[in-house]
Number of protein chains: 2
Amino acid sequence: MGLRVARLRRLVLERLMRYYRFLSEGRGRRPAPTVTSAEIADALDIDPTQVRKDLGAIGLLGMGRVGFDACEICRAIRIVLGFDQPYHAVLVGAGHLGTALMAYARFSQYGLNVSAAFDTDRRKIGHLVAGRRVRSTRTLASYITRHDIRLAILTTPVEAAQKVTDRLVAAGIEAIWNFTPTRLTVPPNVFVRNEHISLGLSELAYHLTHLDVTRR
Amino acid sequence: MGLRVARLRRLVLERLMRYYRFLSEGRGRRPAPTVTSAEIADALDIDPTQVRKDLGAIGLLGMGRVGFDACEICRAIRIVLGFDQPYHAVLVGAGHLGTALMAYARFSQYGLNVSAAFDTDRRKIGHLVAGRRVRSTRTLASYITRHDIRLAILTTPVEAAQKVTDRLVAAGIEAIWNFTPTRLTVPPNVFVRNEHISLGLSELAYHLTHLDVTRR
DNA sequence: AGGCAATCGTGATGAAAATCGCATAATGGG
DNA sequence: CCCATTATGCGATTTTCATCACGATTGCCT
Ligand SMILES: NC(=O)c1ccc[n+]([C@@H]2O[C@H](COP(=O)([O-])OP(=O)(O)OC[C@H]3O[C@@H](n4cnc5c(N)ncnc54)[C@H](O)[C@@H]3O)[C@@H](O)[C@H]2O)c1
Ligand SMILES: NC(=O)c1ccc[n+]([C@@H]2O[C@H](COP(=O)([O-])OP(=O)(O)OC[C@H]3O[C@@H](n4cnc5c(N)ncnc54)[C@H](O)[C@@H]3O)[C@@H](O)[C@H]2O)c1
């Protein structure tokens, strides 16, 4: 199965994710087994050429006049993005945001299972959060090695972020999904994806305060 | 005060936000009133030239051999991004994620105040979430017009997203911070900022499954 | 069967973003 | 008081990303 593996860029990966979501659930009553690049593009507000380029980048070919096989696209994206090989993650910092993430069922559709949550707060340890027992961070390292965890979700306060990261790295974690507004320092073999939610405010505040001035 | 107003691009705005956060809290024991572009760049993992370009874009000038006045940078960014003119927002969908956002105190530092939350769930209406009473969405439109609300935070399930959006638009909302994984259709005078959290998974899953193959 | 219309693939083009290189300015030490 | 040092500012360059343009392919219709 000739899926090309030419180091996909971040934006391509994100668009592939969007294609996947659209095809696997997005289009309501659309029984057609085939889908055109224009249809995807319209729904997602992307240029059709872009869609074709992206699909081409993972080795998918469409047929003139017909389009692409929707199932084939889904299957290919699942394989390329790795949704087919479920991976387990630990979540550190079972606070407000951590709880929301743990409660979010849809992640499992993308292969992610949050298998344990850790916290330092004595009032939380031992109790259930989103159906899972919160554990003491003292047991974090051993849990990671014991269960061969590769991904950590970081939702602690900013102050604890780097310290926790160092422990995660020492325990052999391979990737971190960082929700704290900090740049984490990690060795080059550890991959960090930052999800800096509040950056959105820069754009929103800017637009709100300049709307009148800038005309639109 | 010569703050240039040349339509800043999204990435510039986001970096300005990061500079602001770094300067206003980030650097711990660093009493120097002056800061160099290299110092910012190091802390934030950005190219120093980029920092200078960004600061130049909002009319800030540094001094050779000295750098920039940290306070002046903060002040300028506050003005440009509009943190100094606090704005009020409504949150629609007081679920897990909505609760986390409402509980997040730091937003007020950037001028954002979530003044009310709305939901359709009878078990939530009337109760407190993060210290604020949840209201029925029936009262949404009137609340928006009555309090002159310009921004809405959208954290409903996907199915409700477009319907809620239409009502927000009809009520005269000017901007939407959208946390649902959907493309919202809005008239051109309404600004939408998407915060598609789960897109991060595309990159994470990809790296986790290809780490061994691709050699980092 | 043959032309028509829709759709794809891809090289060329253009726009945006990041980075480089170097002249210039300010500072502090000798 | 001058010079070496350390920053800046900005034009030039490179890289990345998105869009356009067009030839090729395929199914559909008559
Ligand atoms: N809540 C939001 O909407 C939001 C938005 C943007 C960014 N963030 C960021 O996400 C992070 C978490 O935010 P939150 O609102 O959930 O905060 P929170 O205070 O509700 O949760 C933090 C949790 O981390 C735990 N914790 C503290 N130190 C720890 C440690 N050393 N090891 C493990 N756990 C520890 C705390 O006990 C608490 O349960 C913060 O860094 C915040 O800046 C949150
Ligand atoms: N929780 C996460 O970590 C996470 C991550 C990524 C994306 N999201 C997205 O954020 C959104 C909210 O997620 P959540 O986990 O908080 O879900 P949730 O089910 O916990 O909360 C949704 C809330 O919206 C309310 N609601 C439903 N219909 C409504 C309507 N028409 N008007 C007003 N309120 C309505 C529900 O009563 C509920 O309280 C979803 O679209 C989800 O896809 C969440």
Side-chain angles (χ1 to χ4, degrees), chain A residues 2-4 6-19 22-23 27 30 32-73 76 183 194 199 202-203 206, chain B residues 2-4 6-19 22-23 27 30 32-73 76 183 194 199 202-203 206:
Chain A
L3 288 187
R4 216 169 310 160
R7 179 51 127 279
L8 302 173
R9 304 191 170 282
R10 186 168 53 86
L11 292 176
V12 178
L13 294 172
E14 296 189 353
R15 280 194 300 268
L16 288 174
M17 178 89 159
R18 298 178 61 192
Y19 305 157
F22 171 64
L23 292 176
R27 48 187 202 154
R30 206 76 60 88
T34 178
V35 65
T36 161
S37 68
E39 188 187 343
I40 300 178
D42 277 357
L44 270 41
D45 202 22
I46 294 178
D47 189 280
T49 311
Q50 186 78 78
V51 176
R52 275 175 262 144
K53 283 246 162 80
D54 290 338
L55 295 180
I58 60 172
L60 288 172
L61 291 192
M63 282 180 300
R65 177 70 199 231
V66 170
F68 296 79
D69 179 334
C71 292
E72 199 186 334
I73 294 183
R183 179 169 82 91
N194 294 305
L199 288 188
S202 61
E203 214 186 347
Y206 179 74
Chain B
L3 288 186
R4 215 169 312 162
R7 178 50 127 278
L8 302 172
R9 305 192 170 280
R10 187 169 52 86
L11 292 175
V12 177
L13 293 172
E14 295 189 354
R15 280 194 301 269
L16 287 175
M17 178 91 158
R18 297 178 63 192
Y19 305 157
F22 170 64
L23 292 176
R27 48 187 201 156
R30 206 77 59 88
T34 179
V35 66
T36 160
S37 68
E39 189 187 341
I40 300 177
D42 277 357
L44 269 41
D45 202 24
I46 294 179
D47 189 278
T49 310
Q50 185 79 79
V51 176
R52 274 176 262 144
K53 283 251 161 77
D54 291 339
L55 295 180
I58 58 171
L60 289 172
L61 292 192
M63 282 180 300
R65 175 71 199 234
V66 170
F68 296 79
D69 179 334
C71 292
E72 199 185 336
I73 294 183
R183 178 169 82 90
N194 295 305
L199 288 187
S202 62
E203 214 187 347
Y206 179 73

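To find a chain, count down the sequence lines: A is the first, B the second, and so on, and within it residues start at 1. Just so it is clear, the values below take in all heavy atoms, side chains as well, and ignore hydrogens, waters and symmetry mates.
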Walking DNA chain C from its 5' end, the first of R10(B) and G64(A) to be reached, judged by nearest nucleotide, is G64(A)

Of all the nucleotides listed ([options]), which has the minimum atom distance to the side chain of [X]?
| X | options | value |
| --- | --- | --- |
| R65(B) | dA18(D), dC8(C), dG28(C) | dG28(C) |
| L61(A) | dC8(C), dG9(C), dA18(C) | dG9(C) |
| K53(B) | dC10(D), dG9(C), dT27(C) | dC10(D) |
| F68(B) | dG9(C), dC28(D), dG9(D) | dG9(D) |
| R9(A) | dT16(D), dT19(C), dG27(D) | dT16(D) |

N/O donor-acceptor pair under 3.5 Å between S37(B) side chain and V51(B) backbone: no

For the pair Y206(B) (side chain) and L8(A) (backbone), establish whether a donor and an acceptor sit closer than 3.5 Å, ignoring hydrogens and angles. yes

Between V66(A) and S37(B), who's closer to the 5' end of DNA chain D by nearest nucleotide? S37(B)

With a 4.0 Å limit, can you tell me whether [X] has a side-chain N or O closer than that to the phosphate oxygens OP1/OP2 of [N]?
| X | N | result |
| --- | --- | --- |
| T36(B) | dT6(D) | no |
| R52(B) | dG9(D) | no |
| R15(A) | dA18(D) | yes |

Gap between atoms [atom1] and [atom2], on [X] and [N] respectively (whole Å):
| X | N | atom1 | atom2 | result |
| --- | --- | --- | --- | --- |
| D54(B) | dG9(D) | CG | P | 12 Å |
| L55(B) | dT8(D) | CG | C1' | 11 Å |
| D45(B) | dT19(C) | CG | P | 10 Å |
| D47(A) | dA18(D) | CG | C1' | 7 Å |
| R7(B) | dA17(C) | CZ | C1' | 18 Å |
| Q50(A) | dC8(C) | CD | P | 14 Å |
| I40(B) | dT8(D) | CD1 | C1' | 13 Å |
| L11(A) | dT16(D) | CG | C1' | 9 Å |

Could you tell me whether the side chain of R183(B) reaches within less than 4.5 Å of the side chain of L44(A), counting heavy atoms only? no

State, yes or no, whether a side-chain contact exists between F68(B) and M63(B) at a heavy-atom distance under 4.5 Å. no

Touch check for T49(B), heavy atoms < 4.0 angstrom, all strands: base, sugar-phosphate only, or nothing? base

Base, sugar-phosphate alone, or nothing: which one does I46(A) contact when heavy atoms must sit under 4.0 Å apart? nothing

How many angstroms lie between CZ in R9(B) and CZ in R15(B), if you round to the nearest 0.5 Å? 11.5 Å

